[in-house]
2 protein chains.
Amino acid sequence: MTSQRRVVAEVLDGEHVHLTADEVHARAVAKLPEISRATVYNTLGELVSLGEVLEVATDKRAKRYDPNAHQPHHHLVCARCGAIRDVHPTGNPLADLPDSERFGFTVSDVEVTYRGVCPNCAGG
Amino acid sequence: MTSQRRVVAEVLDGEHVHLTADEVHARAVAKLPEISRATVYNTLGELVSLGEVLEVATDKRAKRYDPNAHQPHHHLVCARCGAIRDVHPTGNPLADLPDSERFGFTVSDVEVTYRGVCPNCAGG
DNA sequence: GATTGACTTGGACTGAGTCCAATGTAGGAT
DNA sequence: ATCCTACATTGGACTCAGTCCAAGTCAATC
Ligand SMILES: [Mn+2]
Ligand SMILES: [Mn+2]
Ligand SMILES: [Zn+2]
Ligand SMILES: [Zn+2]
């Protein structure tokens, strides 16, 4: 456990955020000025491998890193500003995929992304 | 309607494929050797705007272009080889997101991506 | 045949991410 | 306390997907 890794973990800890790697880097630099982008990517990759952090690809640009890995959840994304909320739909979408629609796959996971417009962007 | 656009439309027509822009370009070049990448991107963008083609981001690399835009469906992706199948789960995931989980958003769309291992990759 | 505006082209450019050789360092061994 | 070594970190070059743009082409109209 190096100071670099500790700083990356601290950045992700606490709030339920969905930061890009560069946002993580910017916040890490605030605490440890010389930390490099490469180390942030390495550490994020390790956290993902350990299952401590999830990668989410809600927009089609940068991946986002989600520290809320232990409570299964899905995402609601604003199509205008990109805001992301964790959501917990009822029902189990895996159960909604009949065998006849599995084509012999062993299905292990499902990601659900809701899209819409957030109250801010709706100009309420 | 130029010959370039016609060729891009032809590449996407027919089978239910999920090609990347560069794969579309490669197949287009086979029919019209001098067609440029820029034109393929332009044409794909227009088809997407017109609602004739969908962009899907099942893997975290290149976007894929899906000509099956008129029948709503979701995707089942092999985590090993990237194979993509169209699937039609039962139930409506929008109905599974209660108002209390909408946070004031106007939710208009939902994407479901199932992940697993295809029969080929399972080494059956 | 000239004009014109839309379409196409190639190449430069960007953003996100990966890779790598060189350097630094934590912490166990002596 | 010092030395060693395996591992972590660094910066920069590189890749890949995609965007942008100025210049060139082309087809339709006049
Ligand atoms: Mn989340
Ligand atoms: Mn499809
Ligand atoms: Zn918004
Ligand atoms: Zn497979």
Side-chain angles (χ1 to χ4, degrees), chain A residues 1-12 17-50 52-67 75 77 79 81-82 84 113, chain B residues 1-12 17-50 52-67 75 77 79-82 84 111 113:
Chain A
M1 171 59 62
T2 65
S3 58
Q4 286 84 352
R5 292 180 188 201
R6 194 173 309 110
V7 162
V8 171
E10 280 173 26
V11 165
L12 288 173
V17 291
H18 303 90
L19 299 174
T20 65
D22 277 337
E23 288 165 351
V24 172
H25 181 233
R27 296 190 186 198
V29 162
K31 300 178 179 229
L32 184 66
E34 332 69 29
I35 190 172
S36 70
R37 265 180 17 106
T39 295
V40 169
Y41 274 104
N42 288 343
T43 306
L44 289 173
E46 285 159 18
L47 291 170
V48 169
S49 297
L50 292 170
E52 296 296 317
V53 167
L54 299 175
E55 278 179 355
V56 300
T58 50
D59 63 48
K60 283 150 195 166
R61 297 185 182 177
K63 292 176 195 168
R64 293 178 175 274
Y65 292 88
D66 185 341
H75 292 109
V77 180
C81 70
I84 303 175
T113 304
Chain B
M1 173 59 61
T2 65
S3 58
Q4 287 84 350
R5 292 180 188 202
R6 193 171 311 109
V7 162
V8 170
E10 279 173 26
V11 165
L12 287 172
V17 291
H18 302 91
L19 300 174
T20 65
D22 277 336
E23 288 166 350
V24 172
H25 181 232
R27 298 191 184 197
V29 163
K31 300 177 178 228
L32 184 65
E34 332 69 30
I35 189 172
S36 71
R37 264 180 18 106
T39 294
V40 170
Y41 274 104
N42 289 342
T43 306
L44 289 172
E46 284 158 19
L47 292 170
V48 169
S49 297
L50 292 170
E52 296 296 317
V53 167
L54 299 176
E55 279 179 353
V56 300
T58 50
D59 62 49
K60 285 149 195 167
R61 296 185 183 178
K63 292 176 196 169
R64 292 178 175 274
Y65 292 87
D66 186 341
H75 293 109
V77 181
R80 302 236 179 106
C81 70
I84 303 175
E111 270 171 57
T113 305

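Chain identifiers are assigned alphabetically (A, B, ...) following the order of the sequence lines, protein sequences preceding nucleic acid strands; residue numbering begins at 1 within each chain.
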Sequence neighbours excluded, the answer for side chain to side chain donor-acceptor pair (under 3.5 Å) partners of B:His25 is none

Are B:Tyr41 and D:dT19 close enough that a side-chain N or O sits under 4.0 Å from OP1 or OP2? no

For A:Glu46, which residues count as a salt bridge (charged side-chain N to carboxylate O under 4.0 Å, His left out) partner, sequence neighbours excluded? A:Arg5

Segment of DNA chain C, first to last nucleotide, that comes within the 4.0 Å heavy-atom reach of chain A: C:dA16 to C:dC19

Return no unless some side-chain N or O of A:Thr39 is found under 4.0 Å from OP1 or OP2 of D:dA8. no

By a strict heavy-atom criterion of less than 4.0 Å, which residues belonging to residues 5-12 of chain B are in contact with DNA chain D? none

Please enumerate all residues that pass side chain to side chain donor-acceptor pair (under 3.5 Å) together with B:Arg37, with sequence neighbours excluded. B:Asp22

Rounded to the nearest 0.5 Å, what separates atom CD in A:Glu52 from atom CG in A:Leu50? 6.0 Å

Identify whether any heavy atom of A:Ala38 sits under 4.0 Å from a base atom; if not, whether one sits that close to sugar-phosphate; answer base, sugar-phosphate or nothing. base

Between the two ends of the helix from C:dG1-D:dC30 to C:dT30-D:dA1, what is the bend in degrees, rounded to 10 degrees, where each end axis spans five pairs? 0°

Just verifying a value: how many Å separate B:His18 NE2 and B:Asp66 CG, rounded to the nearest 0.5 Å? 3.5 Å

Sorted by chain and residue number, the side chain to side chain donor-acceptor pair (under 3.5 Å) partners of A:Glu10 (sequence neighbours excluded) come out as A:Lys31

Are side-chain heavy atoms of B:Lys63 and B:Val56 found at a separation under 4.5 Å? no

By nearest-nucleotide position on DNA chain D, the 5'-leaning member of B:Arg64 and B:Asn42 is B:Arg64

I need the A:Lys60 NZ to B:Glu55 CD distance, nearest 0.5 Å. 4.5 Å

At a cut-off of 3.5 Å, list every protein nitrogen or oxygen paired with a nitrogen or oxygen from nucleotides 2-5 of chain D, distance to 0.1 Å.
none

In this structure, how many angstroms lie between the P atom of D:dT10 and the CZ atom of A:Arg37, rounded? 13 Å

Would you give the length of the straight line joining atom CD1 of A:Ile35 to atom OG1 of A:Thr43, rounded to the nearest 0.5 angstrom? 6.0 Å

Nucleotide D:dA8, atom P - distance to CD of A:Glu46 in whole Å: 7 Å

Note: B:Thr20 and B:Ala62 closest approach over all heavy atoms is CG2-CB, 3.8 Å

Excluding sequence neighbours, so at least two apart, what forms side chain to side chain donor-acceptor pair (under 3.5 Å) with B:Asn42? none

Numerically ordered, the residues 19-36 of chain A set in heavy-atom contact under 4.0 Å with DNA chain D is A:Glu34, A:Ile35, A:Ser36

Applying side chain to side chain contact (heavy atoms under 4.5 Å, CB included) to A:Val53 and not counting sequence neighbours gives A:Leu12, A:Leu47, A:Val48, A:Tyr65

Rounded distance (Å) that lies between atom P of D:dC26 and atom CD of B:Gln4: 10 Å

Nearest heavy-atom pair of B:Val40 and B:Ala21: which atoms, and what distance? CG1-O, 3.9 Å

Those residues that, when tested against A:Arg64, pass salt bridge (charged side-chain N to carboxylate O under 4.0 Å, His left out) (two or more places apart): A:Glu23, A:Asp59

